[in-house]
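Heads up: the structure comes next, in structure tokens.
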Protein chains: 2
Amino acid sequence: MDSNEIRIFSPATIANVSCGFDVLGLALDAVGDEMIIRKTSKKGITITKLTGQDLPTETLHNVAGVAGLALLAESEYMGGFEIEIYKKIKAGSGIGSSAASSAGAVWAMNALLDYPFSNLELVKFAMEGERLASGVAHADNVAPALFGGFTLVRSYHPLDIIKIPTPEALYATVIHPQIEVKTSDSRRILKTSISLEDGIKQWGNVGGLIAGLYTNDYELIGRSLVDHIVEPIRSILIPGFDKVKENALEAGALGCGISGSGPSIFALSKGEENARLVADAMKNVYQKIGVDYDVHISKINTEGIKII
Amino acid sequence: MDSNEIRIFSPATIANVSCGFDVLGLALDAVGDEMIIRKTSKKGITITKLTGQDLPTETLHNVAGVAGLALLAESEYMGGFEIEIYKKIKAGSGIGSSAASSAGAVWAMNALLDYPFSNLELVKFAMEGERLASGVAHADNVAPALFGGFTLVRSYHPLDIIKIPTPEALYATVIHPQIEVKTSDSRRILKTSISLEDGIKQWGNVGGLIAGLYTNDYELIGRSLVDHIVEPIRSILIPGFDKVKENALEAGALGCGISGSGPSIFALSKGEENARLVADAMKNVYQKIGVDYDVHISKINTEGIKII
């Protein structure tokens, strides 16, 4: 990488893909932040610009700043970086807004330094941004942003991330109802224990989903997109969830669930045409109950973060 | 199928493959029952011979008899079958002895009737044999016997079974210490609830194991062969378990766990040579503590039941 400055696209991501609570995520194509990252002789990280969302720009209070510092701490590079962040992903929407900034920053720095770090190492740095954002250094949004496609966080100790292939015609529809669900509430209502019976169903479905992704078996992917554990509890916090899901499935979606910890709801479809039908079916619910919303229709982004 | 009689090999199977409790099973090559099944004009099922184990031969008390009746009940065939069973798999050893008889019977009948039923339907019939044997109509032994290789029971309602590919060099070592563990005890000591945290680890590993099997990634298979939920409890019933596992892993096994509900212990290896080293390492434990044992070293059987 010759340049001292790059402009990147860092995608929105869906974590907690149905049965894959805390382990399965995927990257989107149609929505993401843009960032400009620039090498400077001055040490450290400076957030020189942040538009689109009202977020802190002090390095230690900004997720990109904290993730960048984690990278610098492991790097031999003696200079620093300036970061401009053009947020397109709404904070708190449940599609990995903080992850896009954290992962984008470290990915771009790694590119500017001529790739001293592996993707797995970048995930670890970006997780420090997640720790700042939510108190938990989770990997299920930053991993798909960095690896692209579907990622499985097999284990945290040690961190082990597997990139899973994406069938060509797979599309996601995401609807974001403009209501606030606090991540802390969404975490707190989860039970700390589950029945063995539900656990067995869940890991059966995770197995089926992974198998479906490897074999381009859209029907199997659809049958496996079931969450017996988290969705029944968390969906209570999302007005209209049951109806949105019902409409999406009636419109032909392979499956439908909560994106991250909500309030966004995602559906997967075979083909863009179906994803559009599903979007209309989902919108319909919030139009009727008078809740504002954003909708994104996106191919699964198998590349992850990229230079633009 | 022109003949009125066939002789088959019906393999032993490993259920509850580590993280895949109740959902993942695999078929063995080196050990299995032999059976002769013959069409008769007389209706119903008759067990005409049973050698190798002391098991009931009355149709309604024999797992092959019950499974066969379940098939006949759905068949247009107006005659019946005679069955000879040459048991090579010890009952209660934890490698699918009852499943081999149940699955073998219905597989052979289906062949003699020129294949009116799908493998999935055969699993349902064979599950009736399992219900007789253990009180629970489980599918995780009969499925790999019928499909071959690794099978995932994604769901029971409706029954959904996925055949997972088997890496070419994958071998299993099974050691059966000659101690009695009652399946009922082995079920009873399980807790009916688990922590969400352990559940997440388990489905992360199921995802990793399936991914490893699709990509021939032996290291990933090994890292994923971990059971945080059932093994810590059930292994208490198997004398020497911890030492057997330690020895197997030290000898280079990819992973090691309880076969079915025990007392057999299985290990997976890359290559036959390693499987032999692992067998020696496992035997060593029971030689020292003076417990008799059988050992089987087997390629994974990707074909399942076959005519011999």
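Letters A, B, ... mirror the listed sequences (proteins, then strands); counts begin at 1. Owing to the predicted nature of the structure, the values given are computational and were not obtained by experimental measurement. No hydrogens, no waters, no symmetry mates; every other heavy atom, side chains included, goes into these values.
- Across A:A211, A:C19, A:P165, A:G208, the residue that shares the most heavy-atom pairs under 4.5 angstrom with chain B is A:A211.
- Atom CG of residue A:L196 and atom CG of residue B:L190 lie 6.5 Å apart, to the nearest 0.5 angstrom.
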Which donor-acceptor pairs sit under 3.5 Å apart between chain B and chain A?
| unit_1 | atom_1 | unit_2 | atom_2 | d |
| --- | --- | --- | --- | --- |
| B:F21 | O | A:W203 | NE1 | 3.0 |
| B:R154 | NH1 | A:N205 | OD1 | 2.5 |
| B:R154 | NH1 | A:R223 | O | 2.9 |
| B:D160 | OD1 | A:R223 | NH2 | 3.1 |
| B:D160 | OD2 | A:R223 | NE | 2.7 |
| B:D160 | OD2 | A:R223 | NH2 | 3.2 |
| B:T192 | O | A:L196 | N | 2.8 |
| B:I194 | N | A:I194 | O | 2.8 |
| B:I194 | O | A:I194 | N | 2.8 |
| B:L196 | N | A:T192 | O | 2.8 |
| B:W203 | NE1 | A:F21 | O | 3.0 |
| B:N205 | OD1 | A:R154 | NH1 | 2.5 |
| B:R223 | O | A:R154 | NH1 | 3.0 |
| B:R223 | NE | A:D160 | OD2 | 2.7 |
| B:R223 | NH2 | A:D160 | OD1 | 3.0 |
| B:R223 | NH2 | A:D160 | OD2 | 3.2 |

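- For B:I229, the part lying under 4.5 angstrom from a heavy atom of chain A is the side chain only.
- Contacts of B:I162 with chain A are made by side-chain atoms alone, with heavy-atom separations under 4.5 Å and no backbone atom involved.
- Within the 4.5 angstrom heavy-atom criterion, only side-chain atoms of A:L152, from C-beta onward, approach chain B.
- Between chain B and the options A:G207, A:G212, A:G20, heavy-atom pairs under 4.5 Å are most frequent for A:G207.
- For the atom pair CD1 (B:I210) and CD1 (A:I164), the distance works out to 10.5 Å, reported to the nearest 0.5 Å.
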